[in-house]
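To start, the structure under review is shown below, and the notes come after it.
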Protein chains: 2
Amino acid sequence: MSLPRVAAVNEVRDSCRNCRLRELCLPDSLSLAEVSKLEEIVQRRKPIARGDYLFQSGHPFNAIYAVRTGSIKTSSLLANGDEHITGFHFPGEVIGLEAITSDRHACAAIAMETSSVCEIPFHALEVLGEKAPKLQQQLVRIMSRELVTEQGTAQLLTRRSAEQRLAAILLNFSERFVRRGLSGNRFRLPMSRLDLGNYLGLVPETMSRTFRRLEEQGLLDIAGKEINIADKSALTELAYGTAPEATPNACRRSG
Amino acid sequence: MSLPRVAAVNEVRDSCRNCRLRELCLPDSLSLAEVSKLEEIVQRRKPIARGDYLFQSGHPFNAIYAVRTGSIKTSSLLANGDEHITGFHFPGEVIGLEAITSDRHACAAIAMETSSVCEIPFHALEVLGEKAPKLQQQLVRIMSRELVTEQGTAQLLTRRSAEQRLAAILLNFSERFVRRGLSGNRFRLPMSRLDLGNYLGLVPETMSRTFRRLEEQGLLDIAGKEINIADKSALTELAYGTAPEATPNACRRSG
DNA sequence: GTAGGATGTTGACTTAAGTCACGTCTGCTC
DNA sequence: GAGCAGACGTGACTTAAGTCAACATCCTAC
């Protein structure tokens with residue numbers, strides 16, 4: 001099933017210090033010394049093929065992961081057997097933090113395309129944190145950011161129409177692509193409509209119709225998974241009500 | 001507007017060391033020395049009257065809070081002017097963590113009844129954490145727990161009927177009351193139906209009808225805000241599908 | 001103890017999204 | 001490059017929850 005490709009040599013050699021994603025997963029400036037201590041424990045794993053698990057729900061928790069390339073979805077199994085996708089994760093984002101509290105992964109992480117990650121063994125990180133408190137503090141900040149993201153997700157799902165949910169998630173992806181220096185207007189969705197619908201609480205038929213309606217309104221151009229945001233301010237207006245340039249996510253920035 | 005009552009003397013004298021809630025906000029066993037260091041920075045605030053703000057959205061972030069008595073709701077203002085309630089918080093639970101990342105509160109915290117909190121100045125906590133890494137590690141664990149809770153909330157709101165949402169939140173409250181040593185079957189909801197509906201993404205009319213339907217089905221007895229869970233296993237079955245004693249929240253415990 | 005607002009309830013009607021059924025497209029595998 | 005499975009799209013119909021409007025009840029302040 002898995003057919004890991006060989007990573008480009010320079011990709012493997014990349015260190016945290018000169019990682020292009022550094023400002024995403026380590027936004028505050030740690031000292032060089034602190035970053036290189038972190039580097040010593042970080043492991044670069046072989047790329048994961050599309051559909052493969054990075055970890056599974058219920059498995060023991062050993063490490064957190066920073067996405068380097070590709071994209072990862074996390075999903076959890078509901079008691080009735082349904083799967084629920086809890087998030088999509090792009091380069092520079094950290095996954096596995098929800099497992100710290102119980103020592104077991106609460107969700108499964110699955111690659112949506114060939115992806116690579118940095119593995120950060122958690123025990124080693126804690127030991128390191130005892131000597132380098134800034135590192136531990138940085139972890140707390142990253143977790144706080146995740147908390148804000150999750151609250152944003154909950155809001156996305158509360159009393160919003162299908163059009164609003166889709167508009168909001170596309171703008172959210174757009175923002176995250178911009179943060180990585182990519183185009184915020186033209187991008188490729190790495191997930192199926194089924195997965196996106198699952199995340200948004202919408203059935204695939206509704207997803208299809210909603211995409212079409214947004215296209216008919218001239219807000220998007222759609223060609224399969226390629227999305228072009230044709231009218232960003234109208235899309236924002238649709239997603240968040242009355243305030244086009246107000247906070248894209250009421251809980252995401254407020255100051 | 002606010003009319004703070006004088007706290008009972010022994011309530012004020014309570015320290016973290018012998019706090020009845022200790023195992024809730026500090027579940028791992030820190031050493032006595034560590035707990036007493038924490039005690040030195042914790043401040044006990046005057047009780048907050050019903051409807052008063054503990055902090056407001058957009059205000060500078062200075063401290064996190066542990067609820068001691070009463071109950072607190074957190075809410076954020078959406079761009080379109082609507083208010084969205086992001087959570088309900090009971091004694092032993094910690095609030096304000098989402099503000100660490102941005103140095104501003106992303107939500108407002110409002111007392112639902114006369115409540116008291118421990119205020120933990122965050123800067124002092126970080127400084128202390130540099131000397132007592134266990135404390136910092138405990139904070140990370142608490143935040144991880146919050147992350148799991150938030151993911152549970154998102155699941156609650158995704159593709160579940162009004163009956164399932166209400167059943168699930170009542171069971172969730174029940175669990176949290178049990179953790180505090182209270183009855184899990186008979187309790188008083190501190191929030192209005194309007195607030196509960198806001199949190200669940202349901203309109204007050206639907207809340208009212210849904211409560212009635214659950215009562216008609218013999219799952220609950222309702223007298224205003226007093227709730228009696230009459231048939232817990234049927235309620236669980238309703239909330240989570242097929243598995244009465246399986247995981248009450250797919251993402252909350254999985255091992 | 002009463003007035004008045006907030007909170008909660010009920011019924012009739014509307015509507016957005018789900019369901020079912022079917023057809024088409026796309027991208028793998030052999 | 002044929003064949004197949006999964007993903008995607010469309011239409012007809014159903015239904016759960018929202019909306020609107022009216023009324024009841026509970027608090028709180030005076």
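Each chain gets a letter, A, B and so on, in the order the sequences are listed, and its residues count up from 1.
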- Item | Atom-pair distance (CG on B:Leu196; C1' on C:dT9), nearest Å | 16 Å
- Item | Residues A:Gln151 and B:Ser76: side-chain donor-acceptor under 3.5 angstrom | no
- Query: Could you give the CD-to-C1' distance, from B:Glu216 to C:dT9, as a whole number of Å?
  - Reply: 13 Å
- Hey, can you tell me if A:Phe177 and A:Phe187 have their rings parallel, tilted or perpendicular (30° and 60° cut-offs)? tilted
- Query: When you look at CZ of B:Arg213, are more than 12 heavy atoms from neighbouring residues, nucleotides or ligands closer to it than 6.0 Å?
  - Reply: yes
- Message: Measuring only between side-chain heavy atoms, which start at C-beta, is B:Arg159 closer than 4.5 Å to A:Val203?
- Response: yes
- Terminal axes of the helix from C:dG1-D:dC30 to C:dC30-D:dG1 (5 end pairs apiece), angle rounded to 10 degrees, sit apart by 60°
- Task: Let me know the distance between CD of A:Glu113 and C1' of C:dC28, rounded to the nearest Å.
- Result: 18 Å
- Query: Between atom CE in B:Met191 and atom P in D:dC26, what is the gap in whole Å?
  - Reply: 20 Å
Using atom names, set out every protein N or O paired with an N or O of nucleotides 3-7 of chain C below 3.5 Å, distance rounded to 0.1 Å.
none

- Query: Any Lys/Arg nitrogen of A:Arg188 or A:Glu226 sitting under 4.0 Å from an Asp/Glu carboxylate oxygen of the other?
  - Reply: yes
Contact list (N/O, under 3.5 angstrom) for nucleotides 15-20 of chain D vs protein:
residue, atom, partner, partner atom, Å
D:dA17, OP1, B:Ala162, N, 2.6
D:dG18, OP1, B:Gly201, O, 3.4
D:dG18, OP2, B:Val203, N, 3.4
D:dG18, OP2, B:Thr206, OG1, 2.6
D:dT19, O4, B:Arg209, NH2, 2.8
D:dC20, N4, B:Glu205, OE2, 3.0

- Query: Rounded to the nearest Å, what distance is computed from the CD atom of residue B:Glu226 to the C1' atom of nucleotide D:dC26?
  - Reply: 14 Å
- Taking atom CZ of B:Arg186 as the centre, report whether more than 12 heavy atoms of other residues, nucleotides or ligands fall under 6.0 Å from it. no
- Message: Using ring centroids (six-membered ring only for Trp), state whether B:Tyr199 and B:Phe88 fall under 6.0 Å.
- Response: yes
- Item | Pairing of B:Glu175 and B:Arg179 as salt bridge, 4.0 angstrom limit | yes
- Item | Validation row: B:Ser57, B:Leu77 side chains within 4.5 angstrom (heavy atoms) | no
- Message: Taking the ring centre of each residue, are A:Phe55 and A:Phe61 less than 6.0 Å apart?
- Response: no
- In terms of side-chain geometry, is the basic nitrogen of A:Glu205 or A:Arg209 positioned less than 4.0 Å from the acidic oxygen of its partner? no
